[in-house]
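Atoms within each ligand, like the ligands themselves, are counted from 1 in listed order.
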Amino acid sequence: MENHLDIAVEIAREAGSLLARLFQGPQEISYKRPSDLVTEADRRSEALIVERLHRHFPGHAVVGEEGGGQRIASDYCWYVDPLDGTTNFAHGFPVFCVTLGLAYRGEVIAGVVYDPTRDELFTAERGAGAYLNSQRIHVSQAASLSESLLATGFPPFASNHDLNIQFYFRFTLLSHGIRRAGSAALDLCTVAAGRFEGFWELKLNPWDKAAGSLLVTEAGGRVTDLTGRPFSLQGDEIFASNGLIHDQMLPVFAEILAQPDERSK
Ligand code: IPD
Ligand code: CA
Ligand code: CA
């Protein structure tokens, strides 16, 4: 198990260094669909990660955001986001990371998130705590939503019917504010490190949240869906908090979700 994490750390650092180097040059941007950017850096980082994982763990499944990997039947599956924060990266805004999460029979057991711009390495193993640059981290002790700093994100294909705009509006008035920094994996690590009290997002993929969700629970936080049901890696919602403000936020989500037809917009 230690071996899984050690190798994932080595790979994340190598991919992170590649991203940091490419960040200095001009970006070659193409579009998956309008506003959904992909750069040469996404592809090169994924190719590197997939090659290394395959070399170390030939029997493991690997699911990469850019379509790389090997989707074979295996108890072990790596979820890889080779560049989380592509839009930031493409615009020269230095908030992005590499993230690798390892699931065993569908449950995340290890995760790494590496931010090369700050040289911050977040790691967690199930049952063994969460760490930032080898120092144990814990969620914040703030007990009240009104004293909390929150975060969220919007998918690249957000529309003005996106329900999250209503959550954003309500929680802005109920908290110290909301950050939309543009990297879901880093947002989750930021909750784990006690810098944000809560984070939620509606339309994420498993590679965005595998590692970060484990970081939060191992740092003592709580991770569910927006209704308080257990978090599912394959579901598209996530709500992570320090645990103390969770029950203060759930009724606000519930009230907005109860509005007629909101889910179908
Ligand atoms: C995106 C980021 C962003 C989140 C989007 C994701 P990408 O991932 O995590 O913070 O709001 O929903 O798609 O495209 O940069 O890997
Ligand atoms: Ca992502
Ligand atoms: Ca990505």
NZ/NE/NH1/NH2 to OD/OE distance under 4.0 Å, Asp236 and Lys209: no
Aromatic ring proximity Phe239/Phe199, centre distance under 6.0 Å: no
Set of residues satisfying salt bridge (charged side-chain N to carboxylate O under 4.0 Å, His left out) with respect to Arg195, sequence neighbours excluded: Glu120
Set of residues that line ligand 1, where lining means a heavy atom lies under 4.0 Å from it: Glu65, Asp81, Leu83, Asp84, Gly85, Thr86, Gly153, Phe154, Pro155, Pro156, Arg180, Gly182, Ser183, Ala184, Glu201, Leu204, Asp208
Salt-bridge criterion met for Glu40 and Arg44 (N-O under 4.0 Å): no
Pairs satisfying salt bridge (Lys or Arg N to Asp or Glu O under 4.0 Å), at least one member in residues 95-115, at least two apart: Asp75-Arg105, Glu107-Arg126, Asp115-Arg118
Test of ring centre spacing under 6.0 Å for Tyr131 and Phe122: no
Parallel, tilted or perpendicular, as decided by the 30° and 60° cut-offs, for the rings of His60 and Tyr76: parallel
Trp207-Val223 co-clustered via ILVMFWY side chain contacts under 4.5 Å: yes
Of the protein N/O/S atoms, how many lie under 3.0 Å from the Ca ion (ligand 3): 3
Carboxylate-amine/guanidinium contact Glu46 Arg43, below 4.0 Å: no
